[in-house]
Every structure is written in C-alpha cells, then in structure tokens.
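In what follows, a structure is listed as structure tokens, so that the remarks can point back to it.
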There are 2 protein chains.
Amino acid sequence: MARRSIRQPSSTDDLDARKATILEAVVREHIDTAQPVGSSAVAATSHLAVSSATVRSEMVTLEREGYLAQPHTSAGRVPTDKGYRYFVDHLQAGVVGEAQQQQIKDFFANVRGEVEDVLAQTSTLLSQLTSYTSVVVGTGHAQSAILSTQLVSLDARHQLLVTVFADGSVTKHSILSVFDVSHVEVAEASRQLNALLIGTVLDARVQVPSRNDHVATLVREAVATLHAQAPTLDGEQVFIGGSSKVAEAFDGVETVRQVLAILEQELLVVSLVQDILDQGLSVAIGSEHGFEPLVSCAVIVAPVTIDGHPSGAVGLLGPTRMKYSEAMAAARAVSAQLTQHFHGDDRA
Amino acid sequence: MARRSIRQPSSTDDLDARKATILEAVVREHIDTAQPVGSSAVAATSHLAVSSATVRSEMVTLEREGYLAQPHTSAGRVPTDKGYRYFVDHLQAGVVGEAQQQQIKDFFANVRGEVEDVLAQTSTLLSQLTSYTSVVVGTGHAQSAILSTQLVSLDARHQLLVTVFADGSVTKHSILSVFDVSHVEVAEASRQLNALLIGTVLDARVQVPSRNDHVATLVREAVATLHAQAPTLDGEQVFIGGSSKVAEAFDGVETVRQVLAILEQELLVVSLVQDILDQGLSVAIGSEHGFEPLVSCAVIVAPVTIDGHPSGAVGLLGPTRMKYSEAMAAARAVSAQLTQHFHGDDRA
DNA sequence: GTTAGCACTCGGTAGAATTGAGTGCTAACA
DNA sequence: TGTTAGCACTCAATTCTACCGAGTGCTAAC
C-alpha cells in the first residue's frame with residue numbers, strides 16, 4: 001500500500017519511529033475531535049513513555065517539515081495534507097467491521113435489476129456504510145461491440161435508433177428525416193444497419209452506401225448519429241449517493257455549496273476520479289488532485305473491473321479529516337464485491 | 001389565478017384594502033431582507049399615507065387572524081404560511097424579465113438530443129434562472145403503446161429485452177434463463193413477442209403460449225418481466241438541478257441536510273409533485289403539502305402536457321420566503337416552452 | 001537527549017452594560 | 001370613530017471587560 005503522491009515528491013518522506021507515532025496520534029485525535037491536538041494529549045494517548053515537552057520538541061520538527069500546522073500560536077497542531085498523506089501511506093490499515101461486511105454481503109446477495117439500478121443502489125449503500133458522499137462511475141461502452149441495432153418508426157419523419165452493445169448497455173438516438181419514410185423503408189434500413197454494424201465498435205470506420213434513395217440516406221444518417229457520440233465521454237454513467245452527507249461532513253455553508261456545485265457537474269466528477277486512477281493513487285488528499293474548489297476534500301477511489309479489464313470505479317468524497325481506514329476499507333470491499341457481482345452470474 | 005388552499009379554508013380569507021397592502025409590504029420586505037419587518041418600515045415603503053402607529057394596530061389584527069407572526073415580543077412581524085398564501089393568491093403577479101425570456105428562448109432554440117437530455121438540461125436552466133433547486137418530472141410510459149420489442153442474446157443464458165414505446169422511450173430488461181438458448185430460439189421468441197405485444201400497453205392482459213419448450217418459456221419470462229414493472233412508478237424520470245442552491249437558500253446546516261436528504265429520494269419527490277398537482281395547486285407553502293421535513297420550504301409546480309394530456313411537470317423548491325413572482329413566472333414560462341417543444345417538431 | 005518549570009500567547013467564554021429597533025398603550029386630536 | 005404623537009417597556013444583538021485555560025517555546029537541570 002505504500003504509495004507516493006506524484007505532486008509532493010519533495011522531502012525524504014521518512015520519519016523515525018517516534019515522529020511517526022506522534023504524527024499518527026495527532027491525525028487520529030484530530031479526525032476524532034476536529035480540534036487541534038496538543039502535546040499533552042499526544043503524550044497521554046500514544047504509548048510513548050515520554051513527556052509532553054519531548055512531544056512538543058518533536059512537533060516543532062514535524063511542523064518545520066510540513067506534516068503539521070498550527071492554526072495560531074497558542075493552539076495545538078493540525079495535520080497538513082502531507083501529514084494525512086504520510087498517515088494514509090504508512091500508518092493506517094483498515095478492515096471492514098463485522099456488521100458492515102454483513103451488510104455488503106446481504107446487499108449483493110439480494111440486489112437485482114439492470115446494471116444502472118445496481119450501480120445506483122451500490123452508491124447509496126456505500127454512502128450509508130461510510131457516512132460520506134459516494135460516487136460510482138461506470139465506464140461507457142466505447143470499446144464494446146454492437147450486438148444489435150434497430151430502427152423503429154415513431155411516425156413518418158421520426159425514427160428511433162436503438163442499439164444494444166455486448167456489455168448489455170442500450171442507447172437510443174432519434175433521427176429526423178427531411179422526407180417521409182415508409183415502414184418498409186425503415187425495415188430495410190434497419191436490416192442494412194444490422195448488416196453493417198453488428199460486431200463493430202463505435203469508432204470503427206464503416207462503409208456506408210452512397211446511393212441517394214431514402215433507405216441509403218436513412219442508413220447514412222443513422223450511422224452518423226451513432227458515431228457522432230463515440231469521441232465524447234457519452235455512455236459514462238455517474239451515480240452519486242448521499243449528497244446530503246456533504247452538509248454533515250463539512251462546516252461552513254460556503255464550502256458545502258461549493259462541493260455540491262462540483263457534484264452537480266457530473267463530467268467533472270468523472271474526470272476527477274479518472275485523474276486519480278490514472279495517477280495510480282487510491283486517495284487524493286486536499287490539493288493533491290489539483291482541483292481548486294475541493295482543497296478541503298479527500299477523495300478515495302477503488303477501481304472496478306469486469307472480466308479483467310477496468311470498467312469503472314467507486315469513490316468516496318469527504319473532508320480531509322475523514323476516517324481513511326474505514327472509508328478505504330469500505331470502498332475496497334464494495335469494489336471487490338461489485339467486480340465479483342459482474343463477473344459471471346449476472347451480466348447485464 | 002385566485003386559488004384557494006385546500007388545507008386552510010378556515011377564515012373568511014378576505015382582507016380590506018389597507019390590511020392587504022400592509023401584508024403585501026411585510027411579505028415583500030421580508031422576502032428581500034430575511035428579517036422581521038417593523039411597522040415603520042411598512043409605513044415608509046407602502047404608499048399608504050398613515051403613521052406607523054396605525055400600521056401597528058392593523059398588524060395586531062393581521063397577527064390575530066394568522067397572517068403574521070412575531071418571533072419575539074419586541075421584534076417586527078414575519079409572514080406565516082397563511083400570509084404567504086394570501087400573498088400568492090391575491091397580491092403577486094410576475095412576469096419573466098427580458099433577459100430571462102431571451103435565455104429561455106435561446107435554450108429551446110438550441111437544445112437537441114433525446115428527451116432525457118432535454119429534461120435534464122431544462123432542470124439546470126430553470127435552476128439557473130431562479131437560483132432555486134429545480135425538479136423536472138417526466139411521466140412514465142405506463143399508458144404508452146409498445147411499438148417494438150426485441151430480444152437480444154448476450155450469451156447462451158443471458159438475454160436482453162429491449163422495448164420501444166410510442167412516446168419514444170426505451171426500456172431494457174435482462175432475462176436469465178435456466179437453460180441454454182440458441183440464437184435461432186431467441187430470434188423466434190423475439191418474433192413471437194413482437195406479435196404479442198406490439199400495440200398493447202403495459203397493463204394489458206396478453207395471451208402467452210402455454211407450451212413448455214424453450215421458446216415459449218422465454219416468451220412467458222419476457223412478458224412477465226416486462227409487466228412486472230407496470231404497476232410501479234417505474235419509468236418516471238426525475239431530474240434535479242441546482243441542488244447546491246439548497247445551501248444558499250436555507251440557513252442552518254440541519255435544514256440543508258434534511259432537504260438534501262429528501263431530494264435524494266426521488267420517489268418521494270415525484271409523489272410530492274404529484275400530490276400538489278392533484279390538489280390543483282401551483283404552489284404549496286410550508287405545511288400545506290403535509291411533508292414534515294419540508295415545513296420551511298415552498299414548492300412551485302407547473303404541469304407539462306404533450307399533445308394535450310399531462311405528461312410531467314416542472315417544479316421549484318425554495319424557502320417559504322422565496323421570490324414567488326419571479327419563480328412562478330419562470331416555472332410557467334419554462335413549462336409552456338417545454339410543452340411547445342414536445343408538441344410536434346421533435347418527438348423523441 | 002529528556003524533562004520539569006515557567007512565562008507567555010491567545011482563542012473562547014461568561015457577564016455586564018449598552019444600544020436600538022420595535023412594540024403596546026394611552027391620551028389627545030380631527 | 002379612526003388616527004396619531006408620545007412614551008414606557010421589552011428584548012435580541014452588540015460591545016466591552018475580565019478571565020480562564022489549553023497550549024506553546026524556552027531554559028536550566030538532570
């Protein structure tokens with residue numbers, strides 16, 4: 001688990017045992033109480049047999065090296081992002097509690113329905129388990145082969161193109177013709193589309209008919225419409241659970257507002273989660289993700305794979321002083337179950 | 001526009017001109033400032049040529065009759081739900097501003113994509129226009145006829161049932177067989193399903209084959225799965241925009257949390273909007289909707305119709321001291337545009 | 001290197017005093 | 001009879017003060 005932030009490769013990143021213990025005590029206490037932690041509290045709770053004075057002098061060092069900070073002169077210490085980072089990398093190790101383990105098991109034993117439903121409910125579950133806002137991202141079908149495609153006529157000018165992908169996802173696109181199209185023509189176009197597209201992926205080049213009759217025009221239109229969305233992130237699905245937890249986890253109305261505003265922009269959330277995954281991190285703390293409005297947040301992510309290849313992620317968003325151990329354990333457990341759930345028994 | 005609350009038919013509901021003017025001044029001022037309003041402020045802003053003492057004695061009456069309340073003895077007056085109700089029914093009349101009118105026009109001129117996308121974006125628009133959280137509800141396809149249905153094989157045991165409805169909506173349902181099914185059988189089942197279901201609505205009784213071969217079993221299974229969802233509200237779509245506005249509009253972290261928690265439960269939101277529509281109201285203020293956790297909220301709704309029959313609604317949720325005139329005007333304008341947008345030119 | 005001791009800092013709290021917006025009442029007035 | 005000026009009263013909010021105490025940094029002794 002010893003990972004290293006890409007954005008903070010500055011100092012040697014190693015602390016002697018006592019400093020580490022002190023840092024740990026400060027982080028634990030501060031996560032618990034949300035208050036600055038004083039030297040005597042550390043001397044008492046940590047099992048170091050040293051006096052508060054000793055702790056104090058160590059704290060001075062820890063502060064100089066950037067692991068701790070002081071809100072004001074005569075207050076205790078508070079962990080910095082770097083402090084949390086060290087804690088996460090070296091000190092914490094979480095397991096999911098009995099009850100929660102059971103809750104997860106029960107959930108996945110009983111859940112049914114389409115992928116979208118499962119993901120949405122999973123998001124709610126994860127949020128309930130941790131009391132943080134959860135994000136579940138499902139990768140789109142960009143690389144998934146087309147299993148079937150069908151053109152349905154709504155009326156003479158309106159057709160609906162329904163496409164089924166190998167991963168079980170379905171898209172629809174409406175097509176507006178500039179001329180009236182008969183049912184026979186729609187059926188024929190549908191047949192041709194199937195012939196053309198089945199087995200291909202969205203960004204594949206396809207030989208479309210160049211004739212100028214109704215059917216050919218319709219086919220060209222349909223293919224164009226379908227392919228038009230390929231380059232975008234379309235098909236990405238985001239499920240956010242427990243946004244009300246934002247109001248609990250952060251204080252300051254303005255912070256709450258900002259975080260909620262971010263969560264509203266789903267594309268932003270997807271790219272945030274992607275970024276973190278790409279960096280090979282499982283947690284991004286404070287400024288690490290480089291997302292200005294989220295400096296007071298920490299984001300935990302755990303990838304989900306289907307049949308071996310990455311196909312989504314589950315995430316948690318909380319304050320930097322979040323309960324990393326529990327939250328990371330929960331995220332990992334849920335992502336593992338999700339991976340397993342989509343492995344074989346229920347594909348779509 | 002003079003509507004009457006169903007839940008408050010108690011008193012005569014009529015005020016003489018001066019009381020009405022005073023009530024109006026109090027409501028307007030309090031909406032503006034969020035502060036209790038004093039008699040002198042009313043005497044100054046309203047164009048009544050009376051002294052504050054006179055206003056005071058009128059206020060005593062208004063308070064006794066339940067239109068105003070006093071937070072504490074030596075404070076100004078604040079409108080009660082009943083006060084807001086009178087204001088909404090008799091006193092306010094809003095028009096959408098030039099700029100906003102333009103923004104709505106531009107939006108509907110440029111918007112494209114599937115119904116879902118349009119509704120989602122509309123929700124964002126409405127929220128931006130008003131600075132309140134918006135809710136857009138799209139009625140399900142419960143009464144819509146089936147245009148086409150298709151069974152697609154994902155693998156030997158997994159099939160996907162894709163159904164297209166006359167309103168342009170598409171559903172998918174996965175079906176897990178207990179035996180391996182060949183492609184030929186799936187195609188045959190698909191053909192039979194089309195024959196059975198095209199033109200029917202979801203809650204129609206359908207004569208399913210009683211044989212026991214693979215195809216017949218598959219057909220029965222598919223019909224059962226499809227019909228299973230008919231009685232639920234499934235197919236209802238809810239799009240919530242601007243949930244971050246909750247943090248702006250309400251004060252008190254706890255209130256914010258509660259409102260957000262409600263918004264997370266989409267079914268609740270749908271039924272709330274439905275209730276209000278059913279009562280024939282366009283605004284529900286405070287306790288009027290009988291929803292305990294939302295006593296400090298007002299909800300504005302405006303129905304959307306497609307081809308004459310009701311098919312959804314747009315709504316706004318804000319504090320009881322919300323800007324009713326503007327918000328109601330905006331909701332009405334948007335619902336009108338939405339109605340028009342789905343009228344003919346772009347059906348799905 | 002560790003620790004006890006001590007002076008010092010400074011946010012938080014509690015209480016008292018003050019302010020001022022706003023009321024209700026009353027007596028006079030048109 | 002309705003309106004108003006005047007006035008005593010109320011009470012949240014603000015300001016000021018004193019003070020407490022948690023916590024620090026430093027130093028001298030162990």
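Every value quoted in this text rests on a predicted model; they were computed, and no experiment measured them. The chains referred to below are lettered A, B, ... by the order of the sequence lines, with proteins before strands, and numbering in each begins at 1.
A distance-only check finds no donor-acceptor pair linking the side chain of B:Tyr132 to the backbone of B:Ala249 [under 3.5 Å]. Checked by atom type and distance alone, the side chain of B:Thr21 pairs as donor or acceptor with a backbone atom of B:Ala17 at under 3.5 Å. Between the side chain of B:Lys245 and the backbone N or O of B:Ser134 there is no donor-acceptor pair closer than 3.5 Å. Within the 3.5 Å criterion, the main-chain N or O of B:Gly242 finds a donor-acceptor partner in the side chain of B:Thr133.
One interatomic measurement links the two molecules: CE of B:Met59 to C1' of C:dT23, which rounds to 10 Å at whole-angstrom precision. For A:Ile22 and D:dG23, the CD1 to P distance is 15 Å, given to the nearest whole Å. One atom, NE2 of B:His72, and another, P of D:dC11, lie 9 Å apart when rounded to the nearest Å. Between the CZ atom of A:Arg56 and the C1' atom of D:dC26 there is a distance of 10 Å, given to the nearest Å. In this structure, the CD atom of A:Glu63 is 11 Å from the C1' atom of D:dT24, given to the nearest Å. C:dT23 atom C1' lies 14 Å from atom CG of B:Leu68, rounded to whole Å. Atom CD in A:Gln70 sits roughly 13 Å away from atom C1' in C:dG11 (whole-Å rounding). Distance NZ (A:Lys19) to P (C:dG1): 10 Å, rounded to an integer number of Å.
Base pairing annotation: D:dT27 forms a Watson-Crick or G-U wobble pair with C:dA4, both donor-acceptor distances under 3.5 Å.
Side-chain N/O atoms of B:Ser74 and base N/O atoms of D:dT10 include a donor-acceptor pair closer than 3.5 Å.
Atoms CG and CD, on A:Leu15 and A:Glu58 in that order, are 9.5 Å from each other to the nearest 0.5 Å.
When the nucleotides C:dT3, C:dG11, D:dC11 are ranked by their closest atom to the side chain of A:Thr54, C:dT3 comes out on top. Comparing D:dT24, C:dC10, C:dT23 against the side chain of B:Arg77 picks out C:dT23 as the nearest.
Of the residues listed (B:Val270, B:Leu268, B:Val273, B:Val136), the one engaging B:Val238 in a side chain to side chain contact (heavy atoms under 4.5 Å, CB included) is B:Val270, and it is the only one.
Across residues 29-52 of chain A, A:Ala49, A:Val50, A:Ser51 each have a non-hydrogen atom less than 4.0 Å from an atom of DNA chain C (numbered order).
The shortest distance between the side-chain N/O atoms of A:Arg18 and the OP1/OP2 oxygens of C:dT2 is below 4.0 Å. Here B:Thr73 does not reach the OP1 or OP2 of C:dT23: none of its side-chain N or O atoms lies under 4.0 Å away.
Sorted by first and then second residue, the salt bridge (charged side-chain N to carboxylate O under 4.0 Å, His left out) pairs with a member in residues 28-57 of chain A read A:Glu24-A:Arg28; sequence neighbours excluded.
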